[in-house]
Amino acid sequence: MKIEIHSIDNKGDQNEECVWLVVKQDCKLQYYMLCDTTYTGDEKISNELRHTYWFPAKEVKKGDFIRLYTKDGKNISSTNDQNT
């Protein structure tokens, strides 16, 4: 896999919940989708997908981190200068 989940952070506030992903190999994000699932009545993971997010067309490089907030909002992207 070229992108992996690094961590999930909610800081105790649902509006701040986000998923951190790390890029393992250069790739195009438009080939990836992130979603979650729920549990069945007997506490097993369901195969029902919900809260899906398909990433926009953007190239990312090995070592990049991606932060995806789980709340409603607008798609924005920014970069950090790693030399500062």
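Residue numbers count from 1 along this sequence. Bear in mind that the values here come from a model prediction, so they are computed numbers and not experimental data.
- Residue I5 is tested with V19, V22, I66, L68 for a side-chain contact (heavy atoms from CB on, under 4.5 Å); the sole match is V19.
- W20 and I3 fall into different hydrophobic clusters, where Ile, Leu, Val, Met, Phe, Trp and Tyr are joined by side-chain heavy atoms under 4.5 Å apart, directly or via other members.
- A donor-acceptor pair under 3.5 Å is formed between the side chain of T37 and the backbone N or O of E48.
- With contacts defined as side-chain heavy-atom distances shorter than 4.5 Å, the pair Y39/S46 does not qualify.
- Formation of a donor-acceptor pair under 3.5 Å by the W54 side chain with backbone atoms of Q30 is found in this model.
- Side chains of D9 and S7: no donor on one and acceptor on the other come within 3.5 Å.
- Here the side chain of T52 pairs no donor or acceptor atom with the backbone of C35 at under 3.5 angstrom.
- Few gaps surround NZ on K71; more than 12 heavy atoms of other groups in view lie less than 6.0 Å from it.
- Checked by atom type and distance alone, the side chain of D64 never pairs as donor or acceptor with a backbone atom of V23 at under 3.5 Å.
- In plain terms, the two heavy atoms of K2 and Y32 that are nearest each other are CB-OH, 3.2 Å.
- The minimum heavy-atom distance between N10 and E16, with the atom names listed, is O-CB, 4.2 Å.
- Y31 does not carry K28 over the face of its six-membered ring by the limits of under 6.0 Å from the centre and within 45° of the normal.
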Exercise for the section: Evaluate the side chain to side chain contact (heavy atoms under 4.5 Å, CB included) criterion for residues H51 and Y53: first the C-alpha distance (whole Å), next the side-chain angles of each, then the deciding distance (0.1 Å), finally the verdict. Expected result: CA-CA 7 Å; H51 305 124; Y53 180 78; over 6 Å; no

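- Atom SG of residue C27 and atom NZ of residue K62 lie 12.0 Å apart, to the nearest 0.5 angstrom.
- No more than 12 heavy atoms of other residues, nucleotides or ligands lie within 6.0 Å of CG in D72, so this atom counts as exposed by the packing criterion.
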Exercise for the section: Go through F55 and V60 one step at a time and tell me if the side chain to side chain contact (heavy atoms under 4.5 Å, CB included) criterion holds. Expected result: CA-CA 11 Å; F55 286 92; V60 291; over 6 Å; no

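- Side-chain contact between L29 and E59: absent, with no pair of heavy atoms (C-beta onward) separated by less than 4.5 Å.
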